[in-house]
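Predicted model only: the values in this text are computed from it and were never measured.
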Amino acid sequence: MHLWNQLVLAVLPSVLPTTLGQNVLDLSGDGWTVRSNALNISVPGSVPSQVHLDLLHANVIDEPYYGLNDFNLRWIAENNWTYTSKPIDGLLSNSKSSWLVFNGLDTFTTIEFCGQFIGTTDNQFRQYTFDISDALKHCNGLPTVSLEFGSAIKFANAIADNPNSQKWPAGVQGTFEFPNRWYIRKEQSDFGWDWGPAFSPAGPWQNIYLVQSEREEDIYVINTGFDIYRKGQINHLAPDQSQPWVVNASIDYLGTLLRHPSMSIEIKDIESGKVLKSGSLDNVVVSGQTITGTTIVDANAPSLWWPAGMGKQSLYNIKVTIHSANDDLASVTRRTGFRTIFLNRSNITVKQLAQGIAPGANWHFEVNGHEFYAKGSNLIPPDAFWPRVTEGKMKRLFDSVIAGNQNMLRVWASGAYLPDFMYDLADERGVLLWSEFQFSDALYPTDQPFLDDVAAEVVYNVRRVNHHPSLALWAGGNEIESLQLPTAKRLDPESYPRLVGDYEHLFISLILPLVYDNSRSISYMPSSTNNGFLEVNISAPVPMAERYDNDTELKGHYYGDTDYYNYDSTVAFDFTGYPVGRFANEFGYHSMPSLQTWQQAVDNKDLHFNSSTIMLRNHHYPPGSPDTHNYTRSSIGMAEMTLAVERYYPIPDKQDPVANFSAWCHATQLFQADMYKSQIQFYRRGSGMPERQLGALYWQLEDIWQAPTWAGIEYDGRWKVLHYVARDIFQPIIVSPFWNYSTGDLSVYVTSDLWEMAWGTVKFTWMDLSGKPIPGNAGTPLMMHFSVGALNTTSIYDTNVAGLSLPNVKDAVLVIDLSAKGRLQNAGRKSLTTFTHRNQFTPAVPKDLALKNPNLKLSHDVRTGTFTVEARSAVSLYTWLDYPSGIVGYFEDNSFSLLPGEKRTLRFVVQKDETGGKWVDSVTVRSLWDQSTKS
């Protein structure tokens, strides 16, 4: 049962609309006070903010991320805190109505205005408005706003302790640290996760406005629901690309519209300034506090928006104005694009069967009628405290996504719904955002107050972001269908039918119709990961019939996507054990961040692999309770990384303890990157296999803090080895060796995600690790010609290592160089492009190789700003350029191989420099050979 539910819903867009006759006061900024009466603490506050941040700014606490503060600062989350504004001036004396508008309150809030009770909130993800007209009339002196935030930890526990609250079988719910998160609508990872801390922050995390109307006929825009789709389009069916575009403009407002309002629209190409469409909207309807109208745009009139690598990101400004008979009442502008994006989960057709695709169902995305390979990763909350997620930092992150050859991010539940500026960045760069509602790794209540609260949350967020062309999908939640329900079935089979019914009630019967009602352009699935659906009948009580079991007799997941983790490093590179499916949406292994990142948060005395601080900042495996010193669980995750390094890589043995710690951190990143590379190559090869696999999104893109995680980008933006390696293996055309070390069989494939055939050559060079050619090229052809079909793969070489003439398998490397020609899709113009890719294969694991010192030489050209590295005496494997603290950016390439006499000249892309350019003097280079040397 929800405790507080007498709420008034309202919403506010990220950019204020143009309004007439209104007084809008922005209450954001400084001038607030934060206090805890119980703790006798009072400090200056600000909006948007959270208590931890204001205490930090007032020097009451240290940086929350430092040391073990995620444990030491839990007294903050366990207490109530009150934000009080400074006296508000600038108010109208003759306003007709006055409203408080909250963009986001985290989470349990009691609101007072001028000392008078106004209302309460209990959902971090909703925007609220409260009518304060009467309170203002009875206010003496300058008014203030007071917001008392209750402890979310205590609220969640109180709801759980209520005997009338919904309960679940023991062992089903995913508890990471603080329990009972599933009862409340707050960022679920605030209660802990296996990659982040459990701060459970509170505060006004988004902006606050006070809105006054001077006239009875004034209205104030609080949200929009702009939807662009092909005529006749339905969310779960492929749109007809020959049909004209329908533009549906829907606006939510405060106030009262007079009779017979009208709406007009102007659609303008941002780049050229050309007006695509203007005039009155048709079919104008007022329903409740929403006005809606539509217009038609010719099928081929707009320039299409494409994801990165597939064409141009054409964007348009849509301006909609609401008119009365004599006045313009309000106007709002949204930037958008024309595209269709569709998750195809239809059954495999006869035509597809004839092409060699295994029976079952599709599970892939199609943009503008084209299926494509989704390459990317999973986005988690960039910070435990959203007010310090800046646009500048996110711009650097999205630039790294594009530089990493990624075209899709899965916006994971359960963080928070992304702010509009992050969708804006994705729109500009061509990054598709598979977006999820904020439910994860738990079963959730289905009492009516909870459902009503969720409904308001869903409607607000679907409408708010629907105009962004980067929006690719709505999913109900994470791992509920693939993990939570099977766990419940195993632990309590008698309760399982009821739990499935509750799941369907929330994620299918409630959320699906709300998505369909507010967007014709976006597909919906109830949970990531799943096996697709059997049928969709919108009028049925459960409108989507899920396929809960994989009913195919063939080995593999031929109905859906896959979620795969295996922390037994002995089988990390056994590709025969990877899941065979249509799409891989999660997979990975954890690693340590770099020394430079550790030094941001950990004292030098603690910089050794199994120090108490390092171990306790590792939350894999999570303690499962608020226990702050669970070394037993943490040590398991540390052991997994240690064993992986010892099995495959030279063991660091530096004399200097900090240097040795740094080498260990790097070694864990080498294993992580190699494992992801092995899987991504396998999944991409699946595009030409019976599974017709068309997507690989690894876990995870970035870090929420400085700790061991699955991330490829560290907290401050530094690339791990993983992001460089994923960048390489996400290139449009790659060559990949597949070695079954159990049988000795070696196969080499060329894989392409282009939309037309590509062709070229692959050069094979066997040499020993000093760089000397192996006689007769060990029996391998020097060169092979190939052609590879659109979105396909082709085998170009098969052998068995035992049959090769290798004098010493520990002193041999096969260098594989690809050169190909193909046509890139680029805004309708297809240009012939040359592609190159290098891969390598060693018939022994790296730790067993007879490594030799490559005598790497690094030089810096001040004039061009480039770095050149040369291997002067031996093969350099895992060549790694490193840079000091104080600089954020990335090299054009890294963790690559160099042959003796080869030089690589690379540019470093500077994203942020706090060193005044001095960082260039501290760039270093190393290789696998350096990992175990004493110096």
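Ring centroid separation for the pair Trp880 and Tyr724 comes in under the 6.0 Å cut-off. Ring centroid separation for the pair Tyr589 and Phe671 comes in under the 6.0 Å cut-off. Aromatic rings of Phe908 and Phe867 (six-membered ring for Trp) have centroids beyond the 6.0 Å cut-off, not under it. Side-chain rings of Trp306 and Trp755 approach one another, their centers coming within less than 6.0 Å. Between Tyr564 and Phe587, the ring centre distance reaches or exceeds 6.0 Å. Here Tyr559 and Trp363 keep their ring centres 6.0 angstrom or further from each other. A ring-centre distance under 6.0 Å is not found for His723 and Tyr890. For Phe342 and Phe365, the gap between ring centers reaches or exceeds 6.0 Å.
Scored by the salt bridge (Lys or Arg N to Asp or Glu O under 4.0 Å) test, Lys677 finds no partners at all (sequence neighbours excluded). For Glu892, the side chain to side chain contact (heavy atoms under 4.5 Å, CB included) criterion is met by Leu906, Arg907, not counting sequence neighbours. In this structure Trp699 satisfies the side-chain hydrogen bond (donor to acceptor under 3.5 Å, both in side chains) test with no other residue, sequence neighbours excluded. By the salt bridge (Lys or Arg N to Asp or Glu O under 4.0 Å) test, Arg692 pairs with Glu371, sequence neighbours left out. For the salt bridge (Lys or Arg N to Asp or Glu O under 4.0 Å) test, residues two or more places apart in sequence or in another chain that qualify with Arg838 are Asp817, Glu902. Residues satisfying the side-chain hydrogen bond (donor to acceptor under 3.5 Å, both in side chains) criterion with Thr340, sequence neighbours excluded, are Gln241. Evaluation of the salt bridge (Lys or Arg N to Asp or Glu O under 4.0 Å) rule for Arg684 yields Asp753 as partners, not counting sequence neighbours. Here Ser314 pairs with Ser303, Lys312 under the side chain to side chain contact (heavy atoms under 4.5 Å, CB included) rule; sequence neighbours left out. Residues satisfying the side chain to side chain contact (heavy atoms under 4.5 Å, CB included) criterion with Ser594, sequence neighbours excluded, are Gln596, Thr597, Gln669, Glu714, Arg718. Residues passing the side chain to side chain contact (heavy atoms under 4.5 Å, CB included) test with Lys847 are Pro650, Val845, sequence neighbours excluded.
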### Task
Dump the intermediate steps for side chain to side chain contact (heavy atoms under 4.5 Å, CB included) on Phe372 and Met408, then the final yes or no.
CA-CA 11 Å; Phe372 65 96; Met408 179 178 284; 4.3 Å; yes
### Query
Do Lys852 and Asp768 pass the salt bridge (Lys or Arg N to Asp or Glu O under 4.0 Å) test, and can you show the C-alpha distance, the side-chain angles, and the key distance before you say yes or no?
CA-CA 10 Å; Lys852 298 173 178 62; Asp768 64 24; 5.9 Å; no
### Task
Evaluate the ring-ring contact (aromatic ring centres under 6.0 Å, His included) criterion for residues Tyr741 and Phe573: first the C-alpha distance (whole Å), next the side-chain angles of each, then the deciding distance (0.1 Å), finally the verdict.
CA-CA 9 Å; Tyr741 49 81; Phe573 304 107; 8.1 Å; no
### Message
Go through it in stages, so that I can follow the logic: the residues are His364 and Tyr373, the test is ring-ring contact (aromatic ring centres under 6.0 Å, His included), and I'd like the CA-CA distance, side-chain angles, deciding distance and then a yes or no.
### Response
CA-CA 8 Å; His364 65 263; Tyr373 201 93; over 10 Å; no
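Between Thr866 and Asp861, the side chains place no donor N or O within less than 3.5 Å of an acceptor N or O (distance only, hydrogens not considered). Using modelled atom types and a 3.5 Å distance limit, the side chains of Asp674 and Tyr649 yield a donor-acceptor pair.
Formation of a donor-acceptor pair under 3.5 Å by the Glu479 side chain with backbone atoms of Ser528 is not found in this model. Side-chain atoms of Asn378 come within 3.5 Å of backbone atoms of Leu697 as a donor-acceptor pair (strictly under, hydrogens ignored). Listed for the Ser752 side chain is no donor-acceptor partner under 3.5 Å among the backbone atoms of Leu791. At distances below 3.5 Å, at least one donor-acceptor pair connects side-chain atoms of Arg727 with backbone N or O atoms of Ala403. For Arg582 (side chain) and Ala361 (main-chain N/O), a donor-acceptor pair under 3.5 Å exists by modelled atom type. No donor-acceptor pair closer than 3.5 Å links the side chain of Glu646 to the backbone N or O of Tyr648. Side-chain N or O atoms of Glu702 include one that pairs as donor or acceptor with a backbone N or O of Ile380 at under 3.5 Å. For the pair Ser736 (side chain) and Arg685 (backbone), a donor-acceptor distance under 3.5 Å is absent.
Residue pairs meeting the salt bridge (Lys or Arg N to Asp or Glu O under 4.0 Å) criterion with at least one member in residues 403-412, sequence neighbours excluded, are Arg410-Glu436, Arg410-Glu586.
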Could you pull out every donor-acceptor pair under 3.5 Å between side chains of residues 778-790 and any protein atom, sequence neighbours left out?
{"residue": "Thr780", "atom": "OG1", "partner": "Trp766", "partner atom": "NE1", "Å": "3.0"}
{"residue": "Thr780", "atom": "OG1", "partner": "Tyr797", "partner atom": "OH", "Å": "3.0"}

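Between Leu856 and Glu870, every side-chain heavy-atom pair lies at or beyond the 4.5 Å cut-off.
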